[in-house]
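So the structure is just underneath, and the comments pick up after that.
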There are 2 protein chains.
Amino acid sequence: MKKSRITLKDLAKELNLAPSTISRALGDHPAISEATKTRVKEKAEELAFIPNSIASSFRRKKTRSIGVVVPRIDVHFHSLVISGIEEYAYKKGYNVTIFQSKDSLTREKEITKILQNNMVEGVIACLAIETKRSDHFKNLKKIGIPLVFYDRVPSDFESNKIVINDFGAAFQATEHLINIGCKNIGHIAGPQTTGIFKARLEGYKAALKKNGLPFHSGLIKYANNLSYEEGVSCAKDFLKYKEPLDGIFCANDYTAISVIQVFQKADYKIPDDLSIIGFSNYPISRIIEPNLTTINDRAFEMGQAAAKLIIRQIEDEEVLIDSETQSIKTELIIRESSMKKRAV
Amino acid sequence: MKKSRITLKDLAKELNLAPSTISRALGDHPAISEATKTRVKEKAEELAFIPNSIASSFRRKKTRSIGVVVPRIDVHFHSLVISGIEEYAYKKGYNVTIFQSKDSLTREKEITKILQNNMVEGVIACLAIETKRSDHFKNLKKIGIPLVFYDRVPSDFESNKIVINDFGAAFQATEHLINIGCKNIGHIAGPQTTGIFKARLEGYKAALKKNGLPFHSGLIKYANNLSYEEGVSCAKDFLKYKEPLDGIFCANDYTAISVIQVFQKADYKIPDDLSIIGFSNYPISRIIEPNLTTINDRAFEMGQAAAKLIIRQIEDEEVLIDSETQSIKTELIIRESSMKKRAV
DNA sequence: AAATTTAACGCAAACGTTTGCATTATGAAT
DNA sequence: ATTCATAATGCAAACGTTTGCGTTAAATTT
């Protein structure tokens, strides 16, 4: 098990050169002649020399790795973001280390503590649901570790953010329902303690208002975790509403699918009697019948953008920008669940 | 940005102690008196001392991190495995660094090369689809890095593996169809170059054979990537089969759902006319109507088992076991798609 | 021919922590 | 009073790489 591996010094001895020369030769330093460079590289190849990246990291104080803190890896949205991060980071020669907070504040605090150990050069994070105050992240920033948040971003301090325009997307979705002729439009909202769900609700309301549609509080159902099961119960409530709904915009796809199924069982024709729109473009949305109209939140691209931003922050010597917020363009994907056959 | 952080030496000077004493005090070494231990710890707290884990890793040759190589992070199965890995690793004080091969052999080779840089103490991997020979992983093993494969494991060299009994699970699923009265059972098979799909096909065949059901090659459709779309086309082929099928076992959930939808459109009643079973217990399987009977492949538990195994290998001084294969128990989840209303 | 530049490489320190061994002080045993 | 064990701490090297600066020899200029 314990093989002592070849070091740069070994190479040096073998070639009768100084370690510094080896180091520079392998790093293509201009002050080394081409001749010795190839000599060194050949010998390195021959002896299967593998540089000790830990020693290197230690010496230059650069680990070329970034930490990612997500609520849960197995939530499709986050796995897409991570994929985007890895994709970009890999290209740039960075590797990514993952932590899941499991939406627990305590665990998130633990993680931020761990991340202070010089392990990572930058941190990308999505706040845990439980997190209201993010001082633990401030500590990271304080010791000079660049920080980028995505999706659920802190509201209590300035920082780099990758977000989508939840308000705009919700507005667009709701207005689409209005445009196809819906008059009684409901909304399944997420927990209002979280900014993105608040924004989606506001977008919904704004679209109603702009188009002169009345708004009743009964048209909104609040869900805590937007699970499929919660969606079912919200949908059943909607069924009992005083007048029949003809459109529902849901804060995510799972609840939207609940609505489809519940209303179908109640003999509603989708989309003719009721049009439905979800949020996130989960794989299931193009499989469920009718296919679900939804918002493509471009999770993968968010990840890429986050990685790009954090790496720029890491590498730029002179950071002039104190903080930056990027809003990724969303897209309304219109599918069957909002295509009425009757003319409008 | 560039704050020079407090080091262990600084602490030592501050307290008029030797660095070695500080190190030992913080590490609760028995040879240090309780008095100085608390003195040191208090000062450390006061000055917000954060140990430099890179320096530590460098000195002790232990990084406490494990590398994970997956085809794609955003495939639900893998994100669940990663979640399981992170969960266990985190508890044990390890962190996990993720790489995606994107199912490309070249990229996988690049990654294994990177992983030789002393960065990680162990590697957990699932082979890329393209990978037939896994010499690049042998290199890792050669330099003493413990290796654990999961799901798609190499067949060309001995190594630690976390698998499920694909044969047994397929056998159980098929036999369940037989038990509820199916006589003409089809199978949508995955690429036969991959061991797990081969085993699922074999399990299907074995169940037919054991129960005296005839087997026709027309009962099997081969898919390359088992996508939803491929499933649709396989299902349409099945519709044209000389005699009507009454049961179909699919190598994954997506194709099973295609089958449900295609046959429903052809006015089949599911499960009465046709019973269907998928594989993997994807979230969609409990949402689609009728709910899909499927195999729980326990991805999360596989991840946990892989992490447990790799950490044991890392920490055990005397590794007596050369290689170990763990087979995780699967579970047939019976849902509506295989519950016939007529008695059998 | 002497002075100066340039090219190529070596020296040695440094990064922050850990650890085997040595040292000192303290109390116990002879 | 001396020896011996024990407890608590210090010394210094080591881990492998990088880097500023010094050195040498060759090439160029005056």
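Chain naming here is simple, since letters A, B, ... match the order of the sequence lines and numbering starts at 1 in each. Below, all heavy atoms of this structure are taken into account, side chains as well, without hydrogens, waters or symmetry copies.
For the helix from C:dA1-D:dT30 to C:dT30-D:dA1, the terminal axes (five pairs an end, C1' atoms, rotation from four pairs onto the next four) enclose an angle of 60°, given to 10 degrees.
Salt-bridge formation is not detected for the pair A:E110/A:R107: no Lys NZ or Arg NE/NH1/NH2 atom is positioned less than 4.0 Å from an Asp or Glu carboxylate oxygen. Ionic pairing of A:K138 and A:D135 is present here: one or more N-O contacts between side-chain nitrogen and carboxylate oxygen are shorter than 4.0 angstrom. B:K41 has a carboxylate O that lies under 4.0 Å from a charged side-chain N of B:D28, or vice versa, which qualifies the two as a salt bridge.
With rounding to whole Å, B:K62 atom NZ is found 16 Å from D:dC15 atom P. Atom CG in B:L15 sits about 15 Å away from atom C1' in D:dG10, given to the nearest Å.
When heavy atoms are screened at a 4.0 angstrom cut-off, B:T36 is found touching the sugar-phosphate backbone but no base atom. Contact annotation for B:L17: backbone-only contact, meaning every heavy-atom pair under 4.0 Å involves sugar-phosphate atoms and none involves a base. Across all strands shown, A:N16 has heavy atoms under 4.0 Å from sugar-phosphate atoms exclusively, and none from any base.
The closest donor-acceptor contact from the side chain of A:E130 to the backbone of A:S104 lies at 3.5 Å or more, if one exists at all.
Checked by atom type, the side-chain pair A:S323/A:S159 shows no donor-acceptor distance below 3.5 Å. Side-chain contact annotation: B:Q313 with B:N160, donor-acceptor N/O pair under 3.5 Å present. Counting only N and O atoms by type, the side chains of B:D156 and B:S134 include a donor and acceptor under 3.5 Å apart.
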Distances under 3.5 Å between nitrogen or oxygen atoms of protein and nucleotides 22-24 of chain C:
none

Going through the distances and angles, do A:F137 and A:F157 end up as a ring pair (Phe, Tyr, Trp, His ring centres under 6.0 Å)? CA-CA 10 Å; A:F137 280 107; A:F157 83 110; 7.7 Å; no
Would you check, one step at a time, whether the test side chain to side chain contact (heavy atoms under 4.5 Å, CB included) holds for B:I321 with B:D316? CA-CA 10 Å; B:I321 305 162; B:D316 274 17; over 6 Å; no
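For the atom pair CG (B:L115) and NE2 (B:H136), the distance works out to 10.5 Å, reported to the nearest 0.5 Å.
Around atom NZ of A:K161, more than 12 heavy atoms belonging to other residues, nucleotides or ligands sit under 6.0 Å away.
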At under 4.0 Å between heavy atoms, how does the protein contact nucleotides 16-26 of chain D? Give one character per nucleotide, 5' to 3', with B, S or -. BBBBB------
